[in-house]
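In what follows, chains are A, B, ... by sequence order, proteins preceding strands, each numbered from 1. These numbers come from the heavy atoms of this one structure, side chains and all, not from hydrogens, waters or symmetry mates. Quantities reported herein were computed from a predicted structural model and do not represent experimental measurements.
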Amino acid sequence: MLDLLDVRSGYGETQVLHGLSLAARPGRVLAVLGRNGAGKSTTLKTIMGLLPCRGGEIRLDGVPIAKRPFDVARDGIAYVPETRDIFPSLTVRENLELAARRFAAKGAGSWTLERVLELFPRLGERMDNGGTQLSGGEQQMLAIARALLMNPRLLILDEPTEGLAPIIVKLIHDKLQELKRAGLTMVVVEQNFGFATSLADDVAVVSKGQVVWTGSASEIRADVEAQHRWLGV
Amino acid sequence: MTHDAGFWVLQALNALQLSMLLFLLSVGLTVIFGLMHFVNLAHGALYALGAYVAASVAGAWGGFWVGLIVAPIAVAAMGVVLYGGLIRRMRRSGPMAQVLVTFGLIFALLDLTRIIWGDVALASDVPALLEGQVRLLGVDYPAYRLFVIGLGLAVLAVLAFVLGRTQIGAMIRAGVDNDAMAACLGIDVERLFFVVFCVGCALAGLAGAVAAPLLSVTPDMGLQILIPVLIVIVIGGLGSLKGAIAGALIYGVVQTFGAVLAPQLSSVLIYALLALVLVTRPTGLFPAKG
Ligand SMILES: Nc1ncnc2c1ncn2[C@@H]1O[C@H](COP(=O)(O)OP(=O)(O)OP(=O)(O)O)[C@@H](O)[C@H]1O
Ligand SMILES: [Mg+2]
């Protein structure tokens, strides 16, 4: 579904991705692992068009992906950034409607406001709160709910469990598992090895801007040597 | 005279009238800046253009009311030209380049008005309907100035509704908060910016049209208003409607009462206040980004 081929990207003069290649396959969850500063977030930003792809190619369903973020979004990729990026001037409801109205549900099985509130009932109680009055966990739920309302074909998440209490991590895990069972394709960047490998089908390990290991989640769980070498687990 | 209630009412109304004029000018500029971090110093020149268009239309054809409608449209059209020709290309350049180019644009527009209208002050009449005085809270106050206050409040109400309660308002607020994330939700922030830019230009034109009968219309009126508008924006805080109205009210009150109560201090008062705000609240009173 999504293919990165020899991608080069970075910030200004600094190049961060040095020919990174990976593939997300339809209906599957790909976990992207790697140490701090490996280039995981940079990879997702490049996919979204937030950073220009300076070399190589990114393909969505076989065709080159759009360059501007709003076109990428309209082509069906929803993004949950590491910083969640809830709009502080908007209420929870407005944060959700912003996504919902532009990607109005097209058929059965698509996401509506009611359905995301069933998924995250907590948000229903906070609808008229300002976006930043939420706890970290609630902000993460809102960021995921907002992404789902875009009715994406591909959901990409940057460290969805970062800084959250174990009980919330468990909840997010269950919800993402539910989405996976419903057939949603996902790319999840994670530092939490257990979380990532129990959710994902496939794993790509990034180090210094390149993919250094690929395989299935069960393979990396069994490969203590790779874990040690690339992740310091 | 300062013990007379009428004096205070009169000066308060004068302050409010000045504030409303400054509000019409500041609000477009501040939201444009908040949304796209774009500095448009030529905003004042667009105000002057609006005044000229309004005064000419009023003199030649339909009178004040036609001018009041034509000026914002003409200035918005100028905004479209500026956007397509210049500003769109400058989006990626840094603030210094934007300041220099839009500062240069002030003089280009100033000379354009000189070429078209000549270097003389243009007078414009108060419309017949608003001639004379109205008795209000024990004072006689010019009806036209009350109209300016009312128009400012009406624009404030409309903008507050659009920004606070509508989908496009939520999109603008989201864009001001975080334009990258707004784009990731499928919002064409650039087109949103264009719309806001044109509305800002139209409001500058409207401000020029209502100012025309109050002041003499001269080519450099845009340059004269620029500093007060920038002070309003800096005091109020960048990017927010609340900041624009708060800054405009503060400026109007300090300027008006300063001029009558402490004339020898009045020119420094507002700068002292500006310095105070910058020291205590460097981002202004109500910045869009907390
Ligand atoms: N805005 C930026 N400007 C310049 N360099 C940056 C910027 N953001 C990140 N970098 C650099 O790019 C490299 C990769 O950063 P990136 O955020 O992609 O890492 P990451 O794998 O997501 O790490 P983490 O697990 O800590 O989130 C790092 O060396 C970082 O210092
Ligand atoms: Mg990261």
Side-chain angles (χ1 to χ4, degrees), chain A residues 12 41 44-52 66-104 130-133 139 142-143 145-152 154-158, chain B residues 27 30-31 33-37 88 91-94 159-196 236-246 283-290:
Chain A
S41 298
L44 299 193
K45 287 181 201 161
T46 308
I47 294 170
M48 287 310 295
L50 293 170
L51 294 173
K67 293 213 160 34
R68 296 177 301 180
F70 78 92
D71 285 326
V72 175
R74 288 173 188 187
D75 286 343
I77 303 188
Y79 173 49
V80 177
E82 198 169 1
T83 43
R84 285 124 203 193
D85 292 5
I86 301 307
F87 300 110
S89 317
L90 273 61
T91 61
V92 170
R93 183 187 301 280
E94 285 173 330
N95 266 283
L96 291 170
E97 283 176 347
L98 205 58
R101 294 227 186 129
R102 28 199 52 248
F103 299 90
T132 44
Q133 291 170 303
Q139 288 196 20
L142 178 53
R146 185 175 67 179
L148 289 174
L149 283 169
M150 293 166 68
N151 283 298
L154 172 65
L155 177 61
I156 63 182
L157 305 111
D158 199 345
Chain B
V27 68
T30 197
V31 175
F33 189 90
L35 193 57
M36 297 321 254
H37 316 281
R88 192 164 49 113
R91 290 275 297 104
R92 304 253 165 267
S93 45
L159 290 180
F161 176 79
V162 171
L163 276 174
R165 296 266 175 274
T166 66
Q167 181 73 9
I168 187 146
M171 281 160 59
I172 292 169
R173 277 179 289 140
V176 170
D177 281 346
N178 186 336
D179 54 345
M181 191 62 219
C184 289
L185 290 178
I187 295 171
D188 186 344
V189 184
E190 195 61 42
R191 209 175 69 197
L192 197 61
F193 172 60
F194 174 64
V195 171
V196 171
L238 285 168
S240 78
L241 180 67
K242 213 164 149 189
I245 188 67
T283 53
L285 299 176
F286 301 105
K289 291 183 194 180

* Asked: Looking at B:L163, B:D177, B:N178, B:V176, which one forms a side-chain contact (heavy atoms from CB on, under 4.5 Å) with A:S89?
  -> B:D177
* Asked: chain B heavy atoms under 4.5 Å from A:L50: which part of the residue, side chain, backbone, both or neither?
  -> side chain
* To do: Please round to the nearest 0.5 Å and tell me the distance separating atom CZ of A:R74 and atom CG of B:L185.
  => 11.0 Å
* To do: Would you give the length of the straight line joining atom CZ of A:R146 to atom SG of B:C184, rounded to the nearest 0.5 angstrom?
  => 9.0 Å
* **Contacting region of A:P88 [heavy-atom separation from chain B under 4.5 Å]** => both
* Passing option when A:F87 is tested against B:R173, B:M171, B:M181 for side-chain contact (heavy atoms from CB on, under 4.5 Å) -> B:M181
